[in-house]
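Written below as structure tokens is the structure these notes are about.
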2 protein chains.
Amino acid sequence: MRAASAPRNARAHALDLIRQKIVTMELSPGSQISENELAGQIGLSRTPVRESLILLAEERLVVVVPQVGTLVSPIVESEIATSQFVRESLELAALAESVGRATPAQIMALNALTDAQRAADKRGDTEDFFALDEEFHAALMDISGHGSAWRTVGQAKAHLDRARRLSLTTTSQMGTLIEQHQAVVDALEAGRGEEATSSLRSHLRKVFDDITVIREQNPEYFAAPVTTGRRR
Amino acid sequence: MRAASAPRNARAHALDLIRQKIVTMELSPGSQISENELAGQIGLSRTPVRESLILLAEERLVVVVPQVGTLVSPIVESEIATSQFVRESLELAALAESVGRATPAQIMALNALTDAQRAADKRGDTEDFFALDEEFHAALMDISGHGSAWRTVGQAKAHLDRARRLSLTTTSQMGTLIEQHQAVVDALEAGRGEEATSSLRSHLRKVFDDITVIREQNPEYFAAPVTTGRRR
DNA sequence: TGCGGTCTACTTGTATGGTAGTGTGCATGA
DNA sequence: TCATGCACACTACCATACAAGTAGACCGCA
């Protein structure tokens, strides 16, 4: 979400703030946080902070242990795999329905986004790059007519993004990702559905595969495949 | 969710209760509810009830208007379409990955579920039928190894189920649904992936199409395709 | 009769106090 | 030295009080 522009109320503000801290790794996975402490930092009472944490727990970004504490979810491989599965399934299904539906204006908008990404790449602006990446995928999904399903993708994506942030220092691969975006747009414009979906699939897989590399480089943030003792 | 067995705490209890009231149409779409009133009924204070409503708002099952009130979400066609898209995409993608992975024990479990559904059909027990339906689809997804993505499907499914409940009086079609389940299991067991996915797709589509019929019969619960003035 | 302002009842939002449960560290004793 | 029990500090959970805002009823007036 690029636009956290409208602080509808204090809770929404707190929620955006805390989620950002988690996804950007400012709050590192596994670290303990407390309602009191966060409330103090943000300048609110415990109530809106607590409500935010409940929502974040629903997103699996934090784990609340009753009477014990709240901690930032460790990056669990199975969780990432699930997020990848959800994202990939929804984006590919949407793209398949988009073939032949995309208007010239929509294609233009996608091209504008890839251009903007190239500019961000040259500037080395990884933050903007990530924001544009988000916009691109959202716009792509919107063409299918299932834009409102982006909410679901966004939740899954949060887990992936958190892991990806660990590699944002290595900006060398941004060019590759942009060209993969472009390949999807070009195939979509030409009406080549198979090519579009296969391009998008390999793009999403590449992002996913990068994470496994990241894991080897930053094992401290990754948890063992714990079975949390919770029954399904 | 068949098992609301473990009342982990008061809020989880309230959440299950309220969600059930909504999905079973005990709280009709569009009707206004209040934190105080619900708290009184359940026998809790506003706090856990309020937290439950926040979560339900995130699921789009209720709409909270600040300082005005909370109302059960009307059944909006676009919302149902999105839910259908999410459910269909995830279940089909999972099934495609399940082909060749299903163990004999898993196939047996699926067959046991269809048998149980036939029994429920004979008894005319629609509640049990719905619960078994849920179990069946969850078990099917679990085989793919992406069982934890069922959470996501479950949220989408809640919207669909609510609309389906309107037709639970017409139990005549339960037999058809069961045989569609069986067709999926049989194809999966035989390793015929294409047949399995196409069977599941037509099954899910049938459920979806039923809803459009329901709409014509119960227009009062359906809202016009309102653009709620909310920017994406 | 119709219009306008005010007042009240009710809503959700936020702050705060008390409760129950958990983990930790320290003192005590073997 | 090590094990054990206990007190304490800390947590999230829930209840309650207060604040901010809205909608509608009601009354006065033109």
Side-chain angles (χ1 to χ4, degrees), chain A residues 4-19 21-22 27-74 223 226 228-230, chain B residues 4 6-19 21-22 27-74 226 228-230:
Chain A
S5 51
R8 307 169 288 277
N9 54 32
R11 171 166 56 83
H13 177 63
L15 179 59
D16 287 342
L17 223 60
I18 301 172
R19 184 192 281 116
K21 281 176 189 280
I22 294 175
L27 289 171
S28 60
S31 66
Q32 185 170 357
I33 56 189
S34 92
E35 296 175 359
N36 265 318
E37 192 180 346
L38 277 177
Q41 291 178 10
I42 301 177
L44 291 168
S45 78
R46 293 175 352 239
T47 304
V49 172
R50 171 180 165 78
E51 292 170 351
S52 298
L53 289 178
I54 290 173
L55 286 171
L56 291 172
E58 188 66 18
E59 292 183 36
R60 295 281 190 263
L61 284 176
V62 304
V63 177
V64 178
V65 184
Q67 324 298 353
V68 173
T70 303
L71 50 106
V72 180
S73 298
V226 281
T228 54
R230 184 73 56 86
Chain B
R8 308 169 286 277
N9 54 33
R11 170 166 55 84
H13 177 63
L15 179 60
D16 287 343
L17 224 60
I18 301 172
R19 185 191 281 116
K21 281 176 189 282
I22 294 175
L27 289 171
S28 61
S31 66
Q32 185 171 356
I33 55 187
S34 96
E35 297 175 358
N36 266 318
E37 190 179 346
L38 277 176
Q41 290 178 9
I42 302 178
L44 290 169
S45 79
R46 271 184 58 207
T47 304
V49 171
R50 170 180 168 76
E51 291 169 352
S52 299
L53 289 177
I54 290 173
L55 287 171
L56 291 172
E58 187 67 18
E59 291 184 37
R60 296 279 189 264
L61 285 176
V62 304
V63 177
V64 178
V65 184
Q67 325 297 355
V68 174
T70 302
L71 51 106
V72 181
S73 298
V226 281
T228 55
R230 184 72 58 85

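Each chain gets a letter, A, B and so on, in the order the sequences are listed, and its residues count up from 1.
- Closest approach of A/S28 to A/V72, counting heavy atoms only: O-CB, 3.7 Å.
- Of all heavy-atom pairs between A/P29 and A/P74, the closest is CB-CA, 3.9 Å.
- Between B/R50 and the phosphate of C/dT12, there is no side-chain N or O to OP1/OP2 separation shorter than 4.0 Å.
- The distance between atom CG of A/L71 and atom C1' of D/dA12, rounded to the nearest whole Å, is 13 Å.
- Atom CG in A/D16 sits 11.0 Å away from atom CZ in A/R11 (nearest 0.5 Å).
- For the pair B/N9 CG and C/dG21 P, the interatomic distance rounds to 13 Å; values are reported in whole Å.
- Shortest non-hydrogen contact noted between B/Q32 and B/G69 is NE2-CA, 3.9 Å.
- Rounding to the nearest 0.5 Å places CD1 of B/I22 at 5.5 Å from CD1 of B/I33.
- The CD-P distance, from A/E37 to D/dT11, rounds to 8 Å in whole Å.
- If you check every strand for non-hydrogen atoms under 4.0 Å, A/R46 touches a base.
- In this structure, B/N36 atom CG and C/dA9 atom P are separated by 16 Å, rounded to whole Å.
- What separates CD of A/Q67 from C1' of C/dG18 is a distance of 13 Å, to the nearest Å.
- Distance A/Q32 CD to C/dG23 C1': 10 Å, rounded to the nearest Å.
- Straight-line distance from the CD1 atom of B/I42 to the C1' atom of D/dA15: 15 Å, rounded to whole Å.
- Using a 4.0 Å heavy-atom distance criterion, A/L44 is classed as a sugar-phosphate-only contact.
- Proximity of B/S45 to the phosphate of D/dA15: a side-chain N or O atom is located under 4.0 Å from OP1 or OP2.
- Neither OP1 nor OP2 of D/dC10 sits under 4.0 Å from any side-chain N or O of A/S34.
- Projected onto DNA chain C by closest heavy-atom contact, A/P66 and A/T47 fall at different nucleotides, the more 5' of which corresponds to A/T47.
- Per the geometry, CD1 belonging to A/I33 stands 8 Å off P belonging to D/dA12, to the nearest Å.
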